[in-house]
Number of protein chains: 2
Amino acid sequence: MYEKKIPLPLECGLMMTREVLGGKWKPNLLFAIVEGINRPSQLQRAIPGATKRVLNLQLRELEEFGVIAKKIYPQLPPRVEYSLTEVGQTLLPILLQMNTWGEQNRTLIETVIAERSKR
Amino acid sequence: MYEKKIPLPLECGLMMTREVLGGKWKPNLLFAIVEGINRPSQLQRAIPGATKRVLNLQLRELEEFGVIAKKIYPQLPPRVEYSLTEVGQTLLPILLQMNTWGEQNRTLIETVIAERSKR
DNA sequence: TCCTAGGGGGTAAATTTTGTCCCCTATGGC
DNA sequence: GCCATAGGGGACAAAATTTACCCCCTAGGA
């Protein structure tokens, strides 16, 4: 894990949540897990933009924060399944709202990004 | 502005919202603006962890996405006021939920961060 | 003249996050 | 032996972001 050198300003709840959901793929991971895509190889296929390396790192962080639980079946070949914990469940409303907001403002955002890349 | 080299995967709404709210201080800026702390110098005082440089950069991005509006009063010394646009208002529920969630899970998160820094 | 408030910005460094590449265990099929 | 799947991980490089450190402007007051 990377050791932070700048202490986090965590007075406010926003920063807390940012700390948990901050990774690039974490929201998607949580979303996927809720939908039943809960094994590492499935997640890799479901989120093709990310390397398994990064997904593993982010999954581990989510696990550290107690947002997801990892169940390892002692088999060969190994089988691993993630699931949302109770705490993780409480994040769902936020994720759903974020998803909805993003969809509703898709046109706006894509336009801005397109403009930006022109310069 | 920084020019991204890796294209953003924006299929899903989550990524869109991430793009808008992604900056380290953006949620705090929006929160502060809603509370009436809407002039650059006030914001700098309200968010002491960030340089005015960074705040300016992030404010500009928020403005680009049409989330806040910048009003410049043609005076000397100059006076600038930010306000949420209608689109920006629609982000408030998300921010409030994030804030609430963070507060409710403060103990958990602080514990995890403390553990992490021990290693 | 110097300091303050109020606004802004450029450049380079530091920090943090992602990505690339390679390797390991074990089983089973060809 | 070679490939595939299922899981894992480390070293290092690159990209992205944030910060540090300077600088600019105007006007007013001591």
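In what follows, chains carry the letters A, B, and so on, assigned in the order in which the sequence lines appear, proteins first and then strands, with residues in each chain numbered from 1.
- Within the 4.5 Å cutoff, the side chain of L92(A) has heavy atoms near those of the Q89(A) side chain.
- With axes fitted over five pairs at each extremity, the angle between the ends of the helix from dT1(C)-dA30(D) to dC30(C)-dG1(D) is 30° (10° resolution).
- Contact check for T17(B) versus N105(A): no side-chain heavy atoms found under the 4.5 Å cut-off.
- An OP1 or OP2 oxygen of dG6(C) is reached within less than 4.0 angstrom by no side-chain nitrogen or oxygen of Q44(B).
- K71(B) places a side-chain heavy atom less than 4.5 Å from the side chain of Y73(B).
- Residues E103(A) and M16(B) fail the side-chain proximity criterion, which asks for heavy atoms closer than 4.5 Å.
- Take the nearest nucleotide of DNA chain D for S41(A) and for R18(B): the residue whose nucleotide is more 5' is S41(A).
- At dT18(C), none of the side-chain N or O atoms of T51(A) fall inside 4.0 Å of OP1 or OP2 (strictly under the cut-off).
- The separation between R53(A) atom CZ and dC12(D) atom C1' is 10 Å, rounded to whole Å.
- Atoms CG (L57(A)) and C1' (dA11(D)) sit 13 Å apart, rounded to a whole Å.
- Q42(B) comes within 4.0 angstrom of no nucleic acid atom, judged by non-hydrogen atoms across all strands.
- Distance, E19(A) CD to dT17(C) C1': 12 Å, rounded to whole Å.
- Not one N or O on the side chain of R18(A) forms a donor-acceptor pair closer than 3.5 Å with the backbone of P27(B).
- Heavy atoms of V54(B) sit under 4.0 angstrom from at least one base atom.
- Rounded to whole Å, atom C1' of dT19(D) lies 15 Å from atom CD1 of I47(B).
- Per the geometry, CZ belonging to R39(A) stands 14 Å off C1' belonging to dG8(D), to the nearest Å.
- Applying the 4.0 Å criterion to OP1 and OP2 of dG19(C), one finds that K24(A) has a side-chain N or O inside that range.
- Distance N28(A) CG to dT17(C) C1': 16 Å, rounded to the nearest Å.
- For the pair E64(A) and R60(A), the salt-bridge criterion is not met [side-chain N within less than 4.0 Å of a carboxylate O].
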Check: Run the side chain to side chain contact (heavy atoms under 4.5 Å, CB included) check on Y82(A) and L43(A) step by step: do they pass?
Finding: CA-CA 10 Å; Y82(A) 291 99; L43(A) 289 166; 4.3 Å; yes
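- One finds a side-chain N or O of Q58(B) lying less than 4.0 angstrom from the OP1 or OP2 phosphate oxygen of dT18(D).
- Side-chain contact between W101(B) and I109(B) is present, with heavy atoms from C-beta onward closer than 4.5 Å.
- Contact annotation: R79(B) side-chain N/O to dA5(C) OP1/OP2 distance is not under 4.0 Å.
- Across the protein-nucleic acid pair, N56(A) atom CG and dG8(D) atom P stand 5 Å apart, rounded to whole Å.
- K52(B) places its NZ atom 12 Å from the P atom of dG6(C), with the value rounded to the nearest Å.
- Looking at heavy-atom distances under 4.0 Å, K26(A) makes no contact with the nucleic acid at all.
- Look at R45(B) and you'll find a side-chain N or O under 4.0 angstrom from OP1 or OP2 of dG6(C).
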